[in-house]
Structures are given as structure tokens and as C-alpha cells.
Amino acid sequence: MAEVLIVGGGVVGLGLGMLLAADGQAVTNLERDAQEPPKDPEEAWDSWERRGVNQFRLPHIFMPRYREILEGELPDVAAAIGRDGTVRVHPVREAPESLTGGARPGDERYEILCGRRAVVERAVAAVADGTPGLEVRRGVAVAGLLGGPAAIGGIPHVTGVRTTAGEEIRADLVIDCGGRRSALPDWLEALGARRPDEEVEDSGFIYFGRHFRSRDGQLPAALGPGLQAYGSITALMLPADNGSWSVSLVARAGDRALLGLKDVDRWERTVRSLPTVAHWLEGDPIEDHVVTIAKIEDRHRDLRPDGVPVATGVVAVADAWSCTNPSLGRGASIGMLHAQALRDTLRKIGPDDPAGFSEAFAAATEATVEPWFQATRSFDRHRLAEMAAIAEGTIYDPGDPGYEMAKALESATSRDPDLFRAFLDIAFVLELPEVVLARPGLFDKVIEHGAGWRDEPAFGPDRAELVALANV
Ligand SMILES: Cc1cc2nc3c(=O)[nH]c(=O)nc-3n(C[C@H](O)[C@H](O)[C@H](O)COP(=O)(O)OP(=O)(O)OC[C@H]3O[C@@H](n4cnc5c(N)ncnc54)[C@H](O)[C@@H]3O)c2cc1C
């Protein structure tokens, strides 16, 4: 049994804590925000103070991969989330047979877990608090790392953390789950270690969103996927818990002609102009304004540049390792995949072999979550450039076969049941694109049904109409 310290008690930090405690590790989770999880979902939304998570009250949805991990590994958490008024949306069961080709074994994999972030996290936290082997200490902020005798010559070895209150807590392994703003590189530098290799860029998107609630607890019908590109904007419709949902418009932050979408009337008029989105306005708004978020960074940290660890005894998991623009809704899924990879690595190599553990976890990260990060960032970069081209009235043609294939598959989903499921496998973090596209005959089907994607008619307002709607 190892003593493990997790910095950060967000959705993944707590999920990881429960996975490790179930394996018999002695886990302490340190969370800077002091407030205990409230007693019920509405209180969580109204008054849970979570300054450590910027996106706490912003639209979230939990992809099938996240749900599947919870149901398989943490069934008590899945059950607690289910008791709090969250809903399951099944895009295959709810789609017409002409699209799905009828029910198939395995279709249950596509069920999405829908709930506001505060509601889902409250349930996760409530179960974590009662988990044997896991101690969650709220109101404890980590300020730095403690060092000990090196395991590899010349490389600092981490043996615990120091809190802002001056407490020193020792552990066999320190796991950073401090989220997208984690200060790990500074802590490592202060210990005399190299900083991790870090790639950071503004993802370049701006979100204009609002939550709604129906009086009868019903949710609007989905007329298409939750994420729909309408020229130079994307609409994002996310069902949530207890008759609530969110509608967001995503634009390029540099697209000044659309900044008027911050205004409630302009925002509403624009949403009404989108044929498959307008009916999502039929509810009572929860916020009286348009919630705007920009400057969301894509970040990637490599704690083993050139194959040499910056330090042993410490790793970064989930957003503290890497994070992207969130419109594909993959963060919690990728984070929990990473948590599983860490748990599985610890099953093979304990922290008493710091060099071996560091190498094995890096290999597990590379095999499990790195491809998802790369695929998501690539999607974002293409979509941003595509939005810019549409705004300028030009054609986006990056000459990238990966982009062509993704567009063709998206377009072909409505014409073949295998392609419909292939698209969902990728979108829902169930199978990597390269695995899906390697299925026998699939590539040819995508070409057959999707090669003409550029010729498809556009729905909704054209660019001039959109700009007018955002400014009048
Ligand atoms: C606008 C937006 C929308 C998103 N929508 C979705 C979505 O729809 N679906 C999805 O799956 N993902 C979504 N994500 C991503 C998702 O929110 C993250 O992937 C997820 O929160 C990562 O969980 P985590 O536990 O790694 O980090 P976080 O949830 O960020 O938690 C980090 C925790 O660490 C604590 N902490 C930080 N520093 C310290 C310290 N020094 N000492 C102690 N504690 C510390 C913080 O207080 C915080 O509680 C979205 C992200 C954004 C920005």
C-alpha cells in the first residue's frame, strides 16, 4: 500500500482518489476550496463556492466514455449522479430508424450523461467523502513540493507537499490534479527541477451561453447533434438535470463582427434564426444575461522532455497534464481515462521504483490519452481556421487528409448506419479515429457517402445575415 497525495478535488481528482482507494492505496486529496459539497443539487448550483474551477457554472455534458468509466469502476458515483435529477440521452435509440438501421447490440454504449457541472460534481464529491481509504481535506491549498534523496542522479525527487499554512505532508507519490491553471511548473522550478516542456496557445474561441429550465421538467427535442456548425458560428445545445439545459453560440474570438452576441436580445435573435436550434429557447432563462467566456487555453505539458523526467515522485493527470477548448465536451472523459491509466500503472510498478514508475506512466499516457488530446486540438485548430475563412468569404482547404476525412465522415453519418455509429464512437471518446477508420470497408463507405461534403446546402443565416443579427 502506498501513501498517495492528490492535489485538487475536482471531478477527476476525486474520481482518481476513489479508483486508488478501491485498490487499497492510502489516498489524501487536498482541495483549496473550503466549502463542503452542499446537501442537494439546487444548492450546489446556487451557492457552492468553487473558485478553483472557473468553468464550474458553465455548460457541461458528460460523454459516454465518462459514464461508462463511472458505471464500470465507480458504480456508487454513477448511482448518486442518477439520483440527483440528471438524465441520460440516447442519440441512437432516439434517432429515426432510417438513420440507425434499427437497434443493434452494443448501442447502449452511446448513452450520454446530462447534468450541470455543479450537480454532477456534488454527487461525485458526496460519494468521495464517504469512501474508505480516501481522506478529502477541503480548504487546504498546496504551495510547493518537498524534496528528498534522488532516485535518479541529478533529478529532484518529490516526497510530499507544503501547504500555504506551512504544513508539510509526506507521500510516496504526489499527483497533480490541480486543473488547467495548476502551478506545477513553478513548484518544480522552485525545487530545482527543470520546468516541464509546455505548449500553450489561446484556443481562439469565444462562448456566448445561457441556461434554461422548463416548467414541466421536459427537455427540448434534439433535431441533430448537440454541436452544430452554422458557417462562422457553432451552436452547442446541452441537455442537463432537472428540466434544465444550456444553449451556447461559439465564435472565433477574433471575429469582432460577432461580439454583439454578448447582448441578450441579439443573442436570442441569432439563436432563433438557426432552424434546428431555435426551439431550445422555449424555457425560462436561469441567468438574466449571456454568459461569455474567452481566452480558453489549449495546454500540453510534458514532464519527461527528451525521455528524462523533470522530477520523480510526481505526475500530472487530466487538465493539469493537458487541456483543450471544451466544445467537444471531452475533458472529464479524457481525464478519467488518464486516471485509469495511472491506477493501472500503479498496479504494475509501485512508487518504490520512481524511475520505472515515471517511465511506465509516461508510456501509458502516450498510449491512452495523448492521441485524444492531439485529435481534439487538431479539430479545434481546423474549425477556427474554417470559421475565419467563412467570415472572409474564402474556402478553407488546408490540404490535410485528416480534415477531409473528418468532414466527409460527419457529412456521411446520416446516410449509413455504420457511419452514424462510427461518428459517435469518435465523438463520444469511445474509439480513436484511427481505430474507427481502420474498420474493414469503412474508409470506402466514407468516400462513397461523404466525399461531396463541400457541395452540401448551408442552412441558417448566411454570413451577412449573421453579422446583421449580431449587431442590430
Ligand atoms: C468552459 C468549459 C466547459 C467545459 N465543458 C466540458 C464538458 O461539457 N464536458 C467535459 O467532459 N469537460 C468539459 N470541460 C472540461 C472539464 O471541466 C475538465 O476537463 C475537468 O474539470 C477536469 O477535472 P480536473 O479534476 O482535472 O480539474 P478541475 O475540475 O479543474 O479541478 C481542479 C481542482 O484543483 C484545485 N486546486 C488547484 N490548485 C490547487 C492547489 N494549489 N491546492 C489545492 N487544490 C488546488 C481547484 O480548486 C479545483 O477544485 C469544460 C471546460 C471548460 C473550461
Side-chain angles (χ1 to χ4, degrees), residues 5-17 28-35 37 48-67 69 112-118 120-121 124-125 128 136-145 161-165 167 169 174-184 186-187 203 205-209 226-227 236-240 246 248 250 291-299 316-339 369 372-373 376 428-429:
L5 263 185
I6 299 176
V7 182
V11 275
V12 179
L14 293 175
L16 172 61
T28 304
N29 184 297
L30 305 177
E31 167 52 47
R32 181 169 46 201
D33 289 347
Q35 192 182 336
W48 193 3
E49 185 89 49
R50 291 288 280 117
R51 284 170 190 266
V53 183
N54 262 357
Q55 68 269 33
F56 195 64
R57 287 186 176 75
L58 294 171
H60 270 69
I61 195 155
F62 295 87
M63 287 298 167
R65 172 65 88 167
Y66 178 77
R67 176 196 52 70
I69 293 174
I112 308 171
L113 175 58
C114 304
R116 285 168 293 174
R117 161 71 186 251
V120 170
E121 186 165 320
V124 174
V136 182
R137 294 180 59 191
R138 295 196 169 78
V140 180
V142 170
L145 301 169
V161 300
R162 184 180 311 100
T163 71
T164 48
E167 185 184 0
I169 310 173
V174 173
I175 303 169
D176 179 20
C177 279
R180 35 176 67 228
R181 290 179 295 161
S182 137
L184 184 64
D186 296 340
W187 298 342
S203 66
F205 294 96
I206 182 165
Y207 288 69
F208 306 93
L227 187 73
L236 183 62
M237 292 72 65
L238 304 182
S246 63
S248 303
V250 189
V291 179
T292 306
I293 175 166
K295 296 200 181 342
I296 300 174
E297 287 169 340
D298 284 347
R299 174 178 283 110
V317 168
D319 277 22
W321 161 70
S322 284
C323 52
T324 57
N325 157 60
S327 55
L328 296 186
R330 291 176 167 174
S333 296
I334 296 175
M336 283 307 289
L337 271 176
H338 206 194
V369 287
W372 284 112
F373 169 79
T376 308
F428 292 175
V429 201

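FYI, side chains are in, hydrogens and waters are out, and symmetry mates aren't considered; it's all heavy atoms of this structure. Whatever order the structure lists them in is the order used to number ligands and atoms, beginning at 1. Values in this document were obtained by computation on a predicted structure and should not be read as measured data.
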Does the N or O separation between [X] and ligand 1 drop below 3.5 Å for any pair?
X	answer
A141	no
G329	yes
E121	no
V142	yes
V12	yes
E31	yes
L238	no

Could a heavy atom of [X] be found less than 4.0 Å from some atom of ligand 1?
X	result
F56	no
P59	yes
R181	no
G335	no
M63	no
G13	yes
L16	no

Item to check | Gap between atom CZ of R67 and atom CD1 of I61 - 0.5 Å precision | outcome: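 With rounding to 0.5 Å, CD1 (I61) is 12.0 Å from CZ (R67).
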Checklist entry - Say you draw a straight line from CD1 of I296 to CZ of R180; how long is it, rounded to the nearest 0.5 Å? => result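 If I round to the nearest 0.5 Å, the distance is 6.5 Å.
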Can you name the closest pair of heavy atoms from [X] and [Y] and give their distance?
X	Y	answer
I69	L337	CD1-N, 3.8 Å
M63	L328	CE-O, 3.4 Å
S182	A320	CB-CB, 4.0 Å
G9	E31	N-OE1, 2.7 Å

Tell me whether [X] contacts the main-chain N or O of [Y] through its side chain, where contact means a donor paired with an acceptor under 3.5 Å.
X	Y	value
D319	G178	no
E49	Q35	no
D298	S203	no
T163	V140	no

Next on the checklist: Run the ring-ring contact (aromatic ring centres under 6.0 Å, His included) test against W372 and tell me which residues pass, sequence neighbours left out.
Outcome noted: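 W372 satisfies ring-ring contact (aromatic ring centres under 6.0 Å, His included) with no other residue.
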Heavy atoms only: which of [options] lies closest to [atom]?
atom	options	result
atom 30 (O) of ligand 1	A332, G179, A316	G179
atom 2 (C) of ligand 1	P326, A143, G15, C323	P326
atom 29 (O) of ligand 1	R137, R117, R180	R117

Which protein non-hydrogen atom lies closest to [atom], naming both residue and atom, and how far is it?
atom	result
atom 14 (N) of ligand 1	H60 NE2, 3.5 Å
atom 53 (C) of ligand 1	Q55 CB, 3.5 Å
atom 15 (C) of ligand 1	G331 CA, 3.9 Å
atom 43 (C) of ligand 1	R32 N, 3.3 Å
atom 8 (O) of ligand 1	I61 N, 2.7 Å

Heavy atom under 4.0 Å from ligand 1: found in [X]'s side chain, backbone, both, or neither?
X	result
F205	neither
D319	both
N54	neither

Item to check | Within residues 325-334 or reaching into it, pairs that qualify as side chain to side chain donor-acceptor pair (under 3.5 Å) - sequence neighbours excluded | outcome: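 Of all non-adjacent pairs touching residues 325-334, those that pass side chain to side chain donor-acceptor pair (under 3.5 Å) are Y207-N325, N325-S327, N325-D380, R330-T376.
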Item to check | Geometric class of the W321/H338 ring pair [parallel <30°, tilted 30-60°, perpendicular >60°] | outcome: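 Ring orientation of H338 relative to W321: tilted.
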